[in-house]
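Note sheet for the following structure.
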Amino acid sequence: MSIALGLLIIRVVVGLMFAGHGVQKLFGWFGGYGLKGTGSWMDSIGLKPGVLVALLAGLAELAGGLLFVLGFWMIPAAVLIVLTMLGAIISVHRKNGFWVTQNGMEYNIVLIAVAIGLALIGAGEYAIG
């Protein structure tokens, strides 16, 4: 096994997951609620205007995820992922504590660590940039 292959696996899994969350918000794919539904939920937790917040979050997740998969512009990709996860922690998960079993911020912190770690290490051989 090689380091480059390991980095590729991490990038593809994490990046596709983020892109998937983005299209859930933007288009309602994969069981998502689309902009209107996600925007209504964002409004309900005090993030207004909800549809605009949902649009920005969805675009950040989609763009950050796809860039991560490709290994292209890793620092901007990581920034998009980190900012999205910080927003989720601040607006939803922080009040629930640390552990994901109580809807806490544990998983978000893991994703932040992965994004920052790969931005610092680099995308590896199997990357576009």
Side-chain angles (χ1 to χ4, degrees):
M1 288 293 200
S2 73
I3 292 172
L5 184 57
L7 292 171
L8 175 66
I9 291 167
I10 294 167
R11 282 194 353 259
V12 168
V13 170
V14 172
L16 286 178
M17 181 192 65
F18 266 95
H21 278 276
V23 298
Q24 284 181 318
K25 287 177 181 68
L26 296 171
F27 311 117
W29 297 355
F30 308 121
Y33 299 106
L35 277 177
K36 186 175 179 180
T38 304
S40 293
W41 178 75
M42 296 274 193
D43 275 330
S44 78
I45 63 167
L47 299 174
K48 298 180 187 279
V51 172
L52 178 61
V53 176
L55 174 66
L56 294 174
L59 289 173
E61 288 173 343
L62 178 58
L66 292 177
L67 289 171
F68 214 69
V69 168
L70 297 172
F72 187 65
W73 289 349
M74 285 301 289
I75 292 173
V79 167
L80 289 171
I81 289 169
V82 168
L83 289 176
T84 303
M85 289 297 91
L86 286 174
I89 288 170
I90 291 165
S91 62
V92 177
H93 301 288
R94 173 180 58 168
K95 68 179 180 254
N96 299 318
F98 183 74
W99 301 110
V100 74
T101 51
Q102 282 77 44
N103 199 27
M105 58 187 156
E106 170 190 10
Y107 188 60
N108 306 94
I109 291 171
V110 169
L111 293 171
I112 288 170
V114 169
I116 291 172
L118 262 74
L120 293 172
I121 292 169
E125 288 177 51
Y126 305 123
I128 290 180

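Under the 4.5 Å side-chain heavy-atom criterion for Ile, Leu, Val, Met, Phe, Trp and Tyr, I89 and W99 are members of the same hydrophobic cluster. Taken together through direct or relayed side-chain contacts under 4.5 Å among Ile, Leu, Val, Met, Phe, Trp and Tyr, V82 and L47 form parts of separate hydrophobic clusters. Cluster annotation: L86 and F68 are assigned to the same hydrophobic cluster (Ile/Leu/Val/Met/Phe/Trp/Tyr, side-chain heavy-atom contacts under 4.5 Å, transitive). Both I81 and L118 sit in one connected hydrophobic cluster of ILVMFWY residues. Membership requires side-chain heavy atoms under 4.5 Å apart, directly or through other members. Linking Ile, Leu, Val, Met, Phe, Trp and Tyr whenever their side-chain heavy atoms come within less than 4.5 Å puts I9 and V69 in one cluster.
Without hydrogens or angle criteria, N103 side chain to N96 main chain gives no donor-acceptor distance under 3.5 Å.
Screening residues 6-19 for salt bridge (Lys or Arg N to Asp or Glu O under 4.0 Å) gives no qualifying pairs among residues at least two apart or on separate chains.
F98 contributes atom CZ, which lies 10.0 Å from atom CG of N108 (distance to the nearest 0.5 angstrom). Here the OG-CD1 distance, from S40 to I45, works out to 12.0 Å after rounding to the nearest 0.5 Å. Rounding to the nearest 0.5 Å places CE of M74 at 10.0 Å from CG of L120. From Q102, atom CD reaches atom NE2 of H93 across 13.0 Å, with rounding to the nearest 0.5 Å. Atom CG of L62 is separated from atom OG1 of T84 by 11.0 Å, given to the nearest 0.5 angstrom. With rounding to the nearest 0.5 Å, the separation of CD1 in I90 from NZ in K95 is 12.5 Å.
Here the closest non-hydrogen pair linking Y126 and L5 is CE1-N, 3.8 Å. Residue A54 comes nearest to T38 through the heavy atom pair CB-CG2, 3.7 Å, listed as atom of the first residue, atom of the second, then distance. Contact record, A63 with L80: CB-CD1, 4.1 Å, taken as the closest heavy-atom pair. The two atoms that bring A78 and A119 nearest to each other are CB-CB, 3.7 Å, heavy atoms only. Looking at every heavy atom in both residues, M42 comes nearest to V53 through SD-CG1, 3.7 Å. Across all their heavy atoms, A123 and A127 have their closest contact at CB-CB, 3.5 Å.
Heavy atoms of other residues, nucleotides or ligands lying less than 6.0 angstrom from CD1 of I75 number 12 at most.
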Side-chain polar contacts of residues 15-37 - donor-acceptor pairs under 3.5 angstrom, sequence neighbours left out - could you list them?
{"unit_1": "H21", "atom_1": "ND1", "unit_2": "Q24", "atom_2": "OE1", "d": "3.3"}
{"unit_1": "Q24", "atom_1": "NE2", "unit_2": "F30", "atom_2": "O", "d": "2.9"}
{"unit_1": "K25", "atom_1": "NZ", "unit_2": "E61", "atom_2": "OE1", "d": "2.9"}
{"unit_1": "K25", "atom_1": "NZ", "unit_2": "E61", "atom_2": "OE2", "d": "3.2"}

